[in-house]
Amino acid sequence: MRCWGNSDTGVARSENQDAYILRQFPSGWTLLLVCDGMGGARGGKTASDTASQAFVRAVETLAEGAGPDQMADIVTAAAQQANQAVYQAAVLDGSLAGMGTTLVCLLTDGRRAVVGNIGDSRAYLATEEGLRQVTHDHSLVAEMARRGEISWREANSHPNKNVITRALGVDSDVACDVFPLKLEEGQYVLLCSDGLTNEVSDPEIYYEVFQSQAPERACDTLIDIANRRGGRDNITVLLAAF
């Protein structure tokens with residue numbers, strides 16, 4: 001298993017409020033994590049940094065002596081601990097009130113894996129058959145599309161596209177979606193913030209990850225493409241090759 005990752009402020013923003021972590025634990029498990037913060041000049045960065053650090057600490061503690069069958073429970077518990085860390089930070093500092101962050105993660109032992117998701121940062125699985133979005137966006141337009149009120153094409157250009165319906169740290173409790181994966185050799189999992197998917201299409205992501213024969217350059221190349229198209233948001237991309 002090989003992993004790569006990078007993050008960029010983008011063209012339009014003055015500060016990068018995304019946070020990402022690539023970490024291998026003594027157990028041999030590997031964690032990839034992306035958080036996209038929100039909540040003003042201070043709040044967004046504080047939320048993403050606090051959540052990512054709390055999540056890693058929780059996984060490190062909970063994974064000790066655990067087996068692969070417990071991965072889903074560990075991701076769920078770690079998300080709750082990260083949520084509490086962000087929520088309590090806002091309670092203690094009124095200037096951070098309302099801050100929150102998305103979270104998408106991959107926890108894997110190299111064969112089996114669990115993806116966790118809160119918000120609209122995404123996880124994709126790339127195989128010979130193509131690119132599949134593993135996660136479901138917790139956003140206003142995604143919920144409208146799932147109800148059939150608008151088409152998915154309309155959702156991609158909807159003015160409320162970036163309004164999310166679930167975020168870590170806003171409330172004292174939050175639900176984390178969990179998606180188990182059985183991975184095979186030659187497959188890839190990509191995690192990203194919406195700074196990538198707002199600018200770069202799924203076919204373009206698939207080409208750089210699976211068809212270009214240069215997965216080690218995919219994260220940087222995808223960030224470059226997003227920036228050339230305006231880079232209107234922070235852009236974070238992580239990739240795991242199995």
Side-chain angles (χ1 to χ4, degrees), residues 1-5 7 18-25 27-36 48 51-52 54-56 58-60 62-63 66-83 101-139 142-143 146 164-168 174-197 202 205-206 209-210 215 218-219 222 236-242:
M1 178 180 168
R2 296 173 294 163
C3 298
W4 306 273
S7 185
D18 287 359
Y20 79 90
I21 287 175
L22 297 170
R23 181 73 56 85
Q24 186 170 47
F25 299 102
S27 62
W29 291 6
T30 299
L31 174 69
L32 285 72
L33 173 70
V34 173
C35 291
D36 179 357
S48 61
S52 58
F55 192 94
V56 171
V59 172
E60 194 164 23
L62 295 166
D69 291 340
Q70 297 170 275
M71 282 183 178
D73 291 338
I74 289 170
V75 165
T76 299
Q80 294 303 324
Q81 291 189 34
N83 184 73
T101 181
T102 70
L103 182 148
V104 64
C105 70
L106 173 76
L107 183 63
T108 179
D109 64 359
R111 294 183 302 107
R112 286 180 286 182
V114 168
V115 167
N117 181 58
I118 300 168
D120 63 353
S121 293
R122 294 179 178 176
Y124 289 94
L125 176 67
T127 70
E128 289 184 352
E129 285 72 39
L131 188 74
R132 175 173 69 87
Q133 184 178 336
V134 176
T135 52
H136 304 304
D137 293 353
H138 302 135
S139 69
E143 291 185 2
R146 284 192 286 268
I164 61 175
T165 56
R166 193 186 306 178
L168 186 151
V174 68
C176 180
D177 290 351
V178 175
F179 306 90
L181 294 176
K182 288 187 178 179
L183 299 163
E184 298 179 4
E185 186 175 352
Q187 296 182 339
Y188 299 84
V189 176
L190 180 139
L191 308 183
C192 64
S193 60
D194 66 347
L196 177 72
T197 51
D202 286 5
I205 293 172
Y206 183 64
V209 169
F210 201 87
C219 296
L222 290 167
T236 302
V237 188
L238 306 185
L239 182 64
F242 294 89

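Positions are given from 1 along the sequence. What you see is a predicted model; the values in this text were computed from it and never measured.
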Under 3.5 Å: donor-acceptor pair, side chain of [X], backbone of [Y]:
| X | Y | value |
| --- | --- | --- |
| Thr236 | Ser193 | no |
| Tyr206 | Thr127 | yes |
| Gln80 | Val174 | yes |

Measure the [atom1]-[atom2] distance between [X] and [Y] for me, rounded to the nearest 0.5 Å.
| X | Y | atom1 | atom2 | result |
| --- | --- | --- | --- | --- |
| Asp120 | Asp194 | CG | CG | 4.5 Å |
| Asp36 | Leu168 | CG | CG | 12.0 Å |
| Gln187 | Glu129 | CD | CD | 8.0 Å |
| Phe179 | Leu125 | CZ | CG | 12.5 Å |
| Thr30 | Arg23 | OG1 | CZ | 11.0 Å |
| Leu190 | Gln133 | CG | CD | 11.0 Å |

Closest heavy-atom contact between [X] and [Y]?
| X | Y | value |
| --- | --- | --- |
| Cys192 | Val104 | O-CG1, 4.3 Å |
| Cys219 | Val237 | SG-O, 3.5 Å |
| Ala123 | Leu191 | CB-CD2, 3.4 Å |
| Pro215 | Arg2 | CG-NH2, 4.5 Å |
| Cys3 | Leu22 | CB-CD2, 4.3 Å |
| Leu33 | Leu238 | O-CD1, 3.4 Å |

Do [X] and [Y] have side chains that get closer than 4.5 Å, going by heavy atoms?
| X | Y | value |
| --- | --- | --- |
| Tyr188 | Leu239 | yes |
| Leu62 | Gln81 | yes |
| Asp69 | Arg112 | yes |
| Tyr124 | Thr197 | yes |
| Cys35 | Leu103 | yes |
| Phe210 | Glu128 | yes |
| Trp29 | Ile74 | yes |
| Phe55 | Leu31 | yes |

Worked verdict on Met71 versus Asp109 for side-chain contact (heavy atoms from CB on, under 4.5 Å): CA-CA 9 Å; Met71 282 183 178; Asp109 64 359; 3.8 Å; yes
With Asp177 via side chain to side chain donor-acceptor pair (under 3.5 Å) - residues at least two apart: His138, Arg166
Qualifying residue for side chain to side chain contact (heavy atoms under 4.5 Å, CB included) with Thr102, from Ile164, Val34, Asp137: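 Going through the options one by one, the only one that passes is Ile164.
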